[in-house]
Asker: 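Here it is, the structure, as structure tokens.
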There are 2 protein chains.
Amino acid sequence: MVADGAMTGLATDVVVFTIRDQCLRVLLVRRSGEPFAGHWALPGGMVPADEALDDCASRMLGEKTGVRGVYLEQLYSFGEPGRDPRGRVVSVAYYALVPPERLARFADGDDQLAWMPTEALPELAFDHRHIVELAHRRLAAKLDYSNIALQFMGERFTLSELQSVYETILGEPLDKRNFRKRVRNLPCIEDTGEWFRAGKHRPARLFRVTRSDRVEIIK
Amino acid sequence: MVADGAMTGLATDVVVFTIRDQCLRVLLVRRSGEPFAGHWALPGGMVPADEALDDCASRMLGEKTGVRGVYLEQLYSFGEPGRDPRGRVVSVAYYALVPPERLARFADGDDQLAWMPTEALPELAFDHRHIVELAHRRLAAKLDYSNIALQFMGERFTLSELQSVYETILGEPLDKRNFRKRVRNLPCIEDTGEWFRAGKHRPARLFRVTRSDRVEIIK
DNA sequence: GCAAAAGTGTTATCGATACACCCATGC
DNA sequence: GCATGGGTGTATCGATAACACTTTTGC
């Protein structure tokens, strides 16, 4: 192992985003132990010495949501001495995007887990509120120059649904025609030829994401 | 302190950029001890338990260059088990930008330190080459949507010097008239009214950065 | 007077924005 | 037939990109 007094606790915390009811929501876990017992916190935990950071974040996401293979990106590392009252713990924060359909019957009925709207978060443990805010800003910024929003979409989706995702994250309405113009000639989106009927109005075209679900820089 | 086996070494490494001879250069340190003894590496080291990550990076920058108060930004954290043969060490990488005039008579004559062009790096210790490449990409990306390049400029500078900084980092020539149009109406740049005479040609106007040396998002 | 870098405007093109009405369906 | 959300096109504006010659100085 390594010399001198630079031994510290190493953790990852994951800001897991989804969208439900026109709300951008974050997965929170109620803490059972001290410190901050009873407070809501991000899912996370200590990183075992033989596990890569990405793998650890991915595993924690899987343990809490049952979901694997979704978009996951390192956000920032937080290491203020004093951010954890037990001693020096560096948290490598990640954020993840999960399409709501992949959360079907999971994480409900468990009162230790909650999907809370980013606009109405309770008091969070540690510096987790700050982490959530940073993640939200990063996500919103990426909407402008990448196709990252597709990570929230399921197998098939309508353009109105996609627009709603943008509006929810950005917190502002977008022009329908301009939005569709922009998005229809993206190479990563494809018309399935199928139609979605819902309610008493005209059916909507269904689209799908082509091939890779890679996040690409556009523009 | 913190429970269980998640104890690891915590380090910071800093990619210190400067520009000299139309080259983007990185500060490297020759390693004396194992592992990678004799190899070139980024300046860095273990983070004491009571020091913030930013402070540690800033201190390491200061120790090697004598420079303080320059632009410094967290880049990414690297934690592959196996990236350090001694055991698990997580490195929180930073990058810093130093105007060449602030390096006047420092870091020369010391054959354990070198400012190497990013285009001709020797073999580096650990995953440091990867870190340098990531930092370079981040820096180049930020040229497009921020005024970060001003961090390389001294007290007063000509527009040709500034353009040269852009061209050096991007690795491609820019149109002089378009460049000046863009940059002349930035609020953060100001004509000093002074002139710079060098060689047998027309003198150049000298500019300065106004007020804050904050990096701002532009466009 | 010549070499060397500083300085300067116009035009064309592209992308972004603003904006309002008809369409298909369920009830 | 009416309420609901789905779907479409054009005109304007501003930003970007391409492009070449004159000016000032030192020698």
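Naming: A, B, ... by sequence-line order, numbering from 1 per chain. Keep in mind the model is a prediction, meaning the values are calculated, not measured. No hydrogens, no waters, no symmetry mates; every other heavy atom, side chains included, goes into these values.
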Asker: So which nucleotide from dG6(D), dT25(D), dG7(C) ends up closest to the side chain of His201(B)?
Answerer: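 Looking only at heavy atoms from C-beta outward on His201(B), the closest nucleotide is dT25(D).
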Asker: Out of the candidates Thr12(B), Asp13(B), Asp54(B), only one should pair with Tyr94(B) under the side chain to side chain donor-acceptor pair (under 3.5 Å) rule; please name it.
Answerer: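 Testing each of Thr12(B), Asp13(B), Asp54(B) against Tyr94(B), the sole residue satisfying side chain to side chain donor-acceptor pair (under 3.5 Å) is Asp54(B).
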Asker: Tell me whether the side-chain N or O atoms of Lys200(A) pair up with the base of dG5(D) as donor and acceptor below 3.5 Å, since no angle test is needed here.
Answerer: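 Checked by distance alone, the answer is no.
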Asker: Do any side-chain nitrogens or oxygens of Ser160(A) fall under 4.0 Å of OP1 or OP2 in dG5(D)?
Answerer: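 Result: no.
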Asker: Is Arg205(B) near enough to dA6(C) that one of its side-chain N or O atoms lies under 4.0 angstrom from OP1 or OP2?
Answerer: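 No, no such contact exists.
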Asker: Aromatic rings His39(A) and Phe36(A): how do their planes relate, parallel, tilted or perpendicular, breaks at 30° and 60°?
Answerer: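 Perpendicular, since the angle between the ring planes exceeds 60°.
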Asker: Please tell me which of Asp175(A) and Gly199(A) maps to the more 5' nucleotide of DNA chain C, matching each residue to the nucleotide holding its nearest heavy atom.
Answerer: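 Nearest nucleotide further toward 5': that of Asp175(A).
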Asker: Nearest of dG26(D), dT25(C), dA18(D) to any side-chain atom of Pro203(A)?
Answerer: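 Ranking dG26(D), dT25(C), dA18(D) by closest atom to the Pro203(A) side chain puts dT25(C) first.
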Asker: Using only heavy-atom distances, decide whether a donor-acceptor pair under 3.5 angstrom links the side-chain of Lys181(A) to the base of dA16(C).
Answerer: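 Side chain to base: no pair present.
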Asker: Report yes if a side-chain nitrogen or oxygen of Arg177(A) is closer than 4.0 Å to either non-bridging phosphate oxygen (OP1 or OP2) of dG7(D); otherwise report no.
Answerer: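 For dG7(D), OP1/OP2 do not have a side-chain N/O of Arg177(A) under 4.0 Å.
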Asker: Expressed as a whole number of angstroms, how long is the span from Trp195(A):CH2 to dG7(D):C1'?
Answerer: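 Roughly 9 Å, once rounded to whole Å.
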Asker: Just N and O in the side chain of Arg180(B): are any of them under 4.0 Å from OP1 or OP2 of dG7(C)?
Answerer: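 So the side chain of Arg180(B) is within the cut-off, an N or O lying under 4.0 Å from OP1 or OP2 of dG7(C).
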Asker: Quick one: CE on Met60(B) to CE on Met46(B), what's the gap to the nearest 0.5 Å?
Answerer: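 One finds 9.0 Å between CE of Met60(B) and CE of Met46(B).
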Asker: Could you check Asn178(A) against Arg184(B) and say which one's nearest nucleotide on DNA chain C is further toward the 5' end?
Answerer: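 Whichever sits nearer the 5' end wins; that is Arg184(B).
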